[in-house]
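Atoms considered below: every heavy atom in the structure, side chains included; atoms not considered: hydrogens, waters and symmetry mates. Fair warning: this is a prediction, and the values are worked out from it, not measured in the lab. Throughout, numbering of the chain's residues begins at 1 and tracks the sequence.
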Amino acid sequence: MTDVTGTVVRLKLSLLRNGLRQSGGRRAAFVASAVVALLFAALQLLGLVLLRGHAHADAVAVLGAAVLALGWAFMPLFFPSGDETLDPTRLVMLPLRPRLLVRALLAASLVGIGPLFSLLLLVGCAVSVAHGAAGYGVAVVAVVLALLVCVALARTVATANVRLLSSRKGRDLAVLSGLVIAVGAQLVNFGAQSIGSAGLGRLAPVADVVRWLPPASAIGAVHAASEGSYGTAVLQLGLSLAALALLVGAWARTLTRLMTSPDGSTLQPPDAAARSRSPQDGGLGRLLPGGRTGTVMARSLRYVWRDPKTKAAWVTSLAIGLIVPVFNALQGTGSIYFACFAAGMLGIQMYNQFGQDTSAFWMVATTISSPRDAFAELGGRALALLVITLPYATLVTVLTTALLGDWPRLPEVLGLSFALLGAMLATGAWTSARFPYSIPQEGHKNVAPGQAGLAWIAIFGGMVSAALLCSPVIALAIALNVSAGGDEWTWLLLPVGAAYGAGITWTGLRLAAPRTAACLPEILTAVSKA
């Protein structure tokens with residue numbers, strides 16, 4: 001057992017070392033990420049230590065351990081390439097028993113920046129609540145036990161999903177990690193603002209429940225032992241120990257099944273194609289217009305449904321476009337004008353329309369021989385975006401208005417949203433033809449190397465231009481709100497904004513069409529660079 005464990009640990013170290021030898025850039029990225037992670041962990045450790053003696057230090061420590069465990073459970077699903085040993089099927093030909101392999105992989109999992117980061121954080125959680133000899137004695141056991149539970153949890157989840165993680169569907173899941181990070185950041189921001197206004201005491205009710213859930217129960221045991229509740233401490237340590245035993249057992253059973261059964265993760269039953277058919281092939285497809293416009297709309301909607309990068313961008317925009325105005329409204333600090341954020345987030349999807357086609361754009365380019373063809377192509381893509389954006393922006397605006405109770409301003413904000421959306425469609429069509437760039441299909445990057453400048457110019461330059469194009473409608477809204485009796489006429493902003501948005505969209509498409517038709521070779525070269 002010792003020889004196998006040592007061999008697997010050395011294998012993990014060799015994988016890390018050989019990966020860093022590939023290029024200087026990779027070494028620099030590893031060192032930079034390691035320094036940042038460890039610096040952040042050290043600051044967290046210092047902050048937790050400074051909480052010693054605070055009335056709610058135990059709540060922070062327990063919840064910190066719980067959040068850490070959640071990270072260990074889900075991060076391997078979104079970043080499976082971070083550790084090559086997460087795929088035990090690479091060892092399937094070796095004469096190793098699953099339980100022996102579990103011990104070896106568990107030891108190898110303790111090697112790396114992630115385990116060291118977690119160790120520092122758990123030490124801070126334990127020290128912040130430990131008092132007296134009993135408390136520190138239990139803290140030593142609790143930190144080790146909590147770390148082992150986190151690692152075993154990550155391994156169990158990863159092994160159960162290893163077929164998925166090594167397939168194309170798994171790579172699609174990894175691309176969606178941006179959504180989890182974006183939504184999670186907004187949730188953390190909302191929670192931090194709530195705690196900042198109400199104090200750490202707001203965490204106490206949640207912590208009272210979480211302290212009985214492993215591995216947070218191990219940190220709860222440190223607090224219980226420090227308070228002299230030795231029976232409670234033993235029970236909470238027992239819960240974490242039982243969780244570790246169950247996780248290791250489940251890991252071993254899953255590993256046995258994984259290494260003795262054939263891989264059927266990529267096989268589909270005969271009727272799979274019918275079940276996986278996108279909505280565009282069904283009722284929605286029959287609702288689209290005929291000719292080239294309908295064909296382009298169907299293709300664009302199919303990209304949203306099937307292409308991982310396009311789907312990730314859309315889902316992220318949909319989520320953030322809803323979270324920002326709604327969460328601010330729930331906090332009572334929001335403005336109804338935040339509802340325009342939804343239209344802005346979705347309008348960004350019009351930018352770099354040809355880049356999402358990558359090298360397949362040559363098939364589209366062969367069908368464009370005149371500005372009229374280019375106008376139809378761009379118009380179909382804009383209409384496909386409007387199929388989703390118009391009802392969504394309206395829904396977010398109505399929901400935000402309902403939460404704030406400011407119904408008289410609903411027509412005004414809807415008009416501003418429609419005008420903003422039209423301006424972004426117009427500038428998006430133009431920048432798609434003027435500043436196209438490639439989107440790599442593999443990995444998490446959204447811009448090919450060497451084209452970051454084009455992406456910045458296209459997106460941020462287009463957004464600034466869209467804001468300037470909206471200035472007439474914005475000026476009208478300000479004038480009506482500041483003038484005496486103007487509030488009675490703010491409803492006019494709805495038809496004005498809708499008409500202005502439609503007009504500016506048509507103008508932008510007309511201006512972008514000649515550029516698109518004239519520069520097809522340059523666009524094809526730019527979007528095919530990856």
Notebook entry, point to check: Among pairs that include at least one residue of residues 141-152, which meet side chain to side chain donor-acceptor pair (under 3.5 Å), considering only residues two or more places apart or in two chains?
Noted result: none
Could you check whether any side-chain heavy atom of [X] comes within less than 4.5 Å of a side-chain heavy atom of [Y], counting everything from C-beta outward?
| X | Y | value |
| --- | --- | --- |
| L346 | W314 | yes |
| P411 | T490 | no |
| L385 | L421 | yes |
| M345 | V324 | no |
| T254 | R155 | no |

Next item on the list: Could you tell me whether the side chain of Y303 and the main chain of T310 form a donor-acceptor pair under 3.5 Å?
Entry: no
Is there any salt bridge (Lys or Arg N to Asp or Glu O under 4.0 Å) pair reaching into [range], and which pairs are they, with sequence neighbours excluded?
| range | result |
| --- | --- |
| residues 331-350 | none |
| residues 315-331 | none |
| residues 37-66 | D58-R211 |

Looking only at heavy atoms, what is the nearest atom pair of [X] and [Y], with distance?
| X | Y | value |
| --- | --- | --- |
| V210 | A66 | CG1-CB, 3.5 Å |
| Y392 | S317 | OH-O, 4.5 Å |
| C470 | A419 | SG-O, 3.5 Å |
| S417 | A343 | O-CB, 3.7 Å |
| A152 | L106 | N-CD1, 4.2 Å |
| A423 | A466 | CB-O, 3.6 Å |

Next item on the list: Begin with the C-alpha distance, continue with both residues' side-chain angles, and end with the deciding distance and a verdict on side chain to side chain contact (heavy atoms under 4.5 Å, CB included) for T389 and Q349.
Entry: CA-CA 10 Å; T389 303; Q349 303 308 315; over 6 Å; no
List, one per line, each side-chain donor-acceptor pair under 3.5 Å for residues 397-407, sequence neighbours excluded.
{"from": "T397", "atom 1": "OG1", "to": "A393", "atom 2": "O", "distance (Å)": "2.7"}
{"from": "T400", "atom 1": "OG1", "to": "V396", "atom 2": "O", "distance (Å)": "2.8"}
{"from": "T401", "atom 1": "OG1", "to": "T397", "atom 2": "O", "distance (Å)": "2.7"}

Any residue meeting side-chain contact (heavy atoms from CB on, under 4.5 Å) with [X], in chain and number order, not counting sequence neighbours:
| X | answer |
| --- | --- |
| A252 | R99, V102 |
| L239 | W212, P214, S217 |
| S465 | T427 |
| L50 | L46 |

Check: Excluding sequence neighbours, so at least two apart, what forms ring pair (Phe, Tyr, Trp, His ring centres under 6.0 Å) with F460?
Finding: W456
Per-pair distances, 0.1 Å, donor-acceptor, side chain in residues 114-129, under 3.5 Å, sequence neighbours excluded:
{"from": "S118", "atom 1": "OG", "to": "W72", "atom 2": "NE1", "distance (Å)": "2.7"}
{"from": "S118", "atom 1": "OG", "to": "G114", "atom 2": "O", "distance (Å)": "3.0"}
{"from": "S128", "atom 1": "OG", "to": "G124", "atom 2": "O", "distance (Å)": "3.4"}
{"from": "S128", "atom 1": "OG", "to": "C125", "atom 2": "O", "distance (Å)": "2.7"}

Check: Partners of Y230 by side chain to side chain donor-acceptor pair (under 3.5 Å), sequence neighbours excluded?
Finding: none
